[in-house]
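Note that the structure is a prediction, hence the values are computed from the model and not measured. In what follows, every chain begins at residue 1, and chains take the letters A, B, ... in the order their sequences are listed.
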Amino acid sequence: MIELSRVAKSFGKNHVLRGVNLTIPRGQSMVVIGGSGTGKSVLLKSILGLVTPDSGRITLDGADVREANRDAFLARFGMLFQGGALFDSLRVWENVAFRLMRGATKLPKDQARAIAIEKLRRVGLKPETADLFPGELSGGMQKRVGLARAIAAEPEIIFFDEPTTGLDPIMSGVINALIREIVTEMGATAMTITHDMSSVRAIADRVAMLHDGLIRWTGPVADMDQADDPYLQQFIHGRADGPIESVR
Amino acid sequence: MSVLALPASALASLGRATFNALAAIGRIAIYAALTLWHIVRPPFYRREFFTALMQVGWLSLPVVGLTAIFTGGALALQIYAGGQRFSAEAVVPQIVAIGMVRELGPVLVGLMIAARVTSSIAAEIATMKVTEQIDALTTLSTNPMKYLTVPRVLAGFLTVPLLVGVGDIIGIMGGFLVSTEQLGFNRASYIKNTVDFLQTPDVVSSLIKGAVFGFIATLIGCYYGMNSGRGAQGVGSATKNAVATASILILAANFVLTSVMFGS
């Protein structure tokens, strides 16, 4: 279980997170929604230690993440980045097998490649893709490779940063379905940040809405449409009128 | 508006610029110390190191060779023309040799490396930062300092002295070709004068300078890449600042090294 307690982070005068409290139960898929620039990425990166919060506490299974052994801590995570963040200089299979070929549990090259190809197949890519470079792939294929890399070491926790940004609606649906299937079959804890409502409905067990540096509403996805929070309702229905300023 | 407002504002700007420059020097020094700390601690990424050896060393050979041969040739012409004024044109082989080995070889190779390698490293790492590849490395339990900086800096430190050695030889050859083909020097005596005149400390100083310049050029490329701002503008600024800083530091280090090695 991941717990955030009064997490705050500012960049200069910009107070991005103002005291976020959020619990992500083990084995659940939590989707954090919110407008652009509301600090969703900062929230996710704070958990991973890529951004250091100014105050507050983040725990994983009760232990403060700042006190954890860094390698052991990160080994429990997989992450799909917004733009894929694939390494341009490495072939697709080397990207997918990156973690498998390094560190204490390093696998032989042939074995790592075989696992990479299996993971590529799992996300709907043919084995021929393995020897291409990321620059030779379409946006949707890059997302799939990113997804294969995120699940390659079979992590307990997977983070998805805007998984459908830049994709057409059909490819978005494919990625959403893949994420849901993989999270369910791996039994992983998942945290997704997005502003795509089709992703929310496809991926989420629980939803949290981040607005103005605070969690505005959180609950099961089934309760989202009936919730009486005006901010949440404006966001999920994409209305220009409401308490959220349309010019930010 | 007070009469003193303008001078005070100029003074404030100067103060701010000085503080910023000192802060930047401090940050670069800390980054250099961290790099050295990581160089001696595993894991060591061999593949990245060999790739960097190729990029920094082997692929820089053409530009280093061309720079050196033209400079050596021009140097011979200048020394000959200047020497004629006081009937000392015979010293061309000696002055070309010492000029190339002690100064022009290391400095020009250093500046060429700053132009070719520092810019490429800064742009590559800055792009990796902008596209979240550096964050991805971290989440994959790989320290970006060890994976990106250490192999490049080590490759620069080891290969640039070799490039300087090659540049020195090609520069002297450039002087030799111009002197023998255009200025009428005897080939055998030109080579003998060059070899007899050069001393071991000249060559050693050249290689030491190369190692220091290689370290500076690659370190600064990595530093600015890792600290790049956002977007295309961030990558552009990182590259520009890296090349400018590396060039200035190489010239400053050259002065310090020359003072230390030959000042007395």
Side-chain angles (χ1 to χ4, degrees), chain A residues 11 41-42 44-52 68-91 94-106 109 134-135 139 142 145-146 149-153 155 157-162 165-166, chain B residues 20 23 34 37-38 41-56 59 117 120-152 155 221-222 225-232 234-235 239:
Chain A
F11 295 96
S41 290
V42 173
L44 193 146
K45 287 181 178 179
S46 296
I47 298 173
L48 285 169
L50 297 173
V51 169
T52 308
N69 173 293
R70 198 84 185 111
D71 283 349
F73 170 76
L74 288 169
R76 300 176 68 180
F77 286 85
M79 168 130 182
L80 170 61
F81 285 85
Q82 187 173 347
L86 301 176
F87 306 125
D88 309 313
S89 57
L90 301 182
R91 293 181 190 279
E94 291 170 319
N95 266 281
V96 176
F98 193 89
R99 189 196 282 278
L100 304 175
M101 294 198 296
R102 286 163 183 83
T105 53
K106 182 179 173 181
K109 189 176 170 182
Q142 288 191 12
V145 175
R149 184 173 71 181
I151 62 170
I157 305 153
I158 315 177
F159 284 179
F160 302 98
D161 184 0
E162 308 273 8
T165 297
Chain B
N20 288 341
L34 272 174
W37 193 84
H38 281 294
R41 281 168 180 78
F44 188 74
Y45 296 102
R46 268 180 299 177
R47 179 177 155 163
E48 282 62 40
F49 174 63
F50 288 120
T51 306
L53 280 183
M54 289 295 288
Q55 289 291 336
V56 178
L59 296 176
V117 175
S120 140
I121 290 176
E124 183 184 3
I125 296 181
T127 305
M128 287 183 78
K129 180 158 189 217
V130 167
T131 55
E132 294 186 304
Q133 292 178 52
I134 307 275
D135 283 345
L137 275 177
T138 305
T139 62
L140 292 165
S141 306
T142 301
N143 186 325
M145 194 85 177
K146 284 190 188 297
Y147 187 77
L148 297 172
T149 303
V150 166
R152 286 165 172 78
C222 293
M226 289 282 197
N227 292 286
S228 156
R230 289 181 178 186
V235 176
T239 310

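- For a residue to count as touching a neighbouring chain, one of its non-hydrogen atoms must lie under 4.5 Å from one of that chain's; by this rule A:Phe98 touches chain B with the side chain only.
- Within the structure, every pair that satisfies the side-chain hydrogen bond (donor to acceptor under 3.5 Å, both in side chains) test and touches residues 81-91 of chain A, not counting sequence neighbours, is listed here: A:Asp88-B:Gln133.
- Heavy atoms closer than 4.5 Å to chain A are found in both the backbone and the side chain of B:Thr138.
- By the 6.0 Å and 45° rule, A:Arg149 stacks over the aromatic ring of A:Phe87.
- Of the listed residues A:Phe81, A:Phe73, A:Phe77, the one with more heavy-atom pairs under 4.5 angstrom with chain B than any other is A:Phe81.
- Rounding to the nearest 0.5 Å gives a distance of 8.5 Å between CZ of B:Arg152 and CD of B:Gln55.
- Scanning for salt bridge (charged side-chain N to carboxylate O under 4.0 Å, His left out) contacts around A:Arg99 gives an empty result, with sequence neighbours left out.
- Note that CD1 of B:Ile121 and CE of B:Met226 are 11.0 Å apart. Values are rounded to the nearest 0.5 Å.
- Here the straight-line distance linking atom CD of A:Glu162 with atom CG of A:Leu80 works out to 10.5 Å at 0.5 Å rounding.
- Of all residues spanning residues 43-54 of chain B, those with a heavy atom less than 4.5 Å away from chain A's heavy atoms are B:Tyr45, B:Arg47, B:Glu48, arranged by number.
- Counting heavy atoms of neighbouring residues, nucleotides and ligands inside a 6.0 Å radius, atom CZ of B:Arg230 does not exceed 12 of them.
- Contacts between B:Leu137 and chain A at a heavy-atom distance below 4.5 Å involve backbone atoms as well as side-chain atoms.
- Applying the side chain to side chain donor-acceptor pair (under 3.5 Å) criterion to B:Asp135, with sequence neighbours excluded, gives A:Lys45.
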